[in-house]
**Q** 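Just passing along the structure, written as structure tokens.
For this chain, numbers begin at 1 and follow the sequence in order. Remember, predicted model here, so these are calculated numbers, not experimental data.
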Amino acid sequence: MDQRLAHIALVVKDYDEAIAFYVGTLGFELVEDTYQPEQDKRWVIVRPRGSGTASLLLARASTDHQADYIGDQAGGRVFLFLQTDDFWRDYEAMTAKGVEWVREPKEAGYGTVAVFRDLYGNLWDLVEFGG
């Protein structure tokens, strides 16, 4: 059996502002942005640059119920973990682009980590695993 996560749906307010943040601020790659007329939606996929396989499906909220969860998809916990091969390179680049850090960098038994907030409020770890 060969299984892996392909996409993680992230509910957003607006496709273009989400693309601007994930691609322009975090440096992700825009993989696909295709209009789907039968649903009046866009299929928008972004992913971190590198050898990882998981990507984000930026899914615009289409109901009030979905909109209620924008920015709080994990109930206030860290939702996603962005692994890097060079913590300080990425931390400095993200800081220079205005990323809001919720918890400053720290060394832990598993590596170096800091917590940031995305444009909607979801919490992310930036983490370089190692000792």
**Q** Which heavy-atom pair separates A9 from Q73 by the least distance, and what is that distance?
**A**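 Closest pair (atom of A9, atom of Q73, distance): O-NE2, 3.4 Å.
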**Q** Enter the distance from R60:CZ to E17:CD here, rounded to the nearest 0.5 Å.
**A**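 Atom-to-atom, R60:CZ and E17:CD are 11.5 Å apart.
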**Q** Using a cut-off of 6.0 Å, state whether more than 12 heavy atoms not belonging to R89 lie near its atom CZ.
**A**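 Yes.
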**Q** Can you list the residues that meet the side chain to side chain contact (heavy atoms under 4.5 Å, CB included) rule with F81, with sequence neighbours excluded?
**A**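 Applying side chain to side chain contact (heavy atoms under 4.5 Å, CB included) to F81 gives V78, D125.
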**Q** Tell me, please, which residues at least two apart from L30 pass side chain to side chain contact (heavy atoms under 4.5 Å, CB included).
**A**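 Scan of L30 (side chain to side chain contact (heavy atoms under 4.5 Å, CB included), adjacent residues dropped) gives I19, V23, D33, V44, V46.
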**Q** Please report the shortest heavy-atom distance between I45 and S55, naming the atom on each side.
**A**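 Heavy atoms only, the tightest pair is CG2-OG, 3.4 Å.
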**Q** To check you understand the geometry: which heavy-atom pair defines the closest contact between L10 and F79, and what is its length?
**A**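 What the structure gives for the nearest pair is CD1-CE2, 3.6 Å.
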**Q** So, E107 and T112: side-chain donor and acceptor under 3.5 Å apart, yes or no?
**A**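 Yes, because at least one side-chain N or O of E107 sits under 3.5 Å from a partner of the opposite role on T112.
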**Q** Going by atom types only, do Y120 and D72 share a side-chain donor-acceptor pair under 3.5 Å?
**A**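 Side-chain D/A pair, Y120 to D72: absent.
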**Q** Does Y15 have any side-chain hydrogen bond (donor to acceptor under 3.5 Å, both in side chains) partners at least two apart in sequence or in another chain, and if so, which?
**A**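 Applying side-chain hydrogen bond (donor to acceptor under 3.5 Å, both in side chains) to Y15 gives none.
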**Q** Out of curiosity, R49 CZ to L26 CG, how far, rounded to the nearest 0.5 Å?
**A**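 Output value for this atom pair is 11.5 Å.
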**Q** Should the ring pair W124 and F28 be called parallel, tilted or perpendicular, given that the plane angle runs from 0 to 90° and is split at 30 and 60?
**A**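 Plane angle over 60°, so perpendicular.
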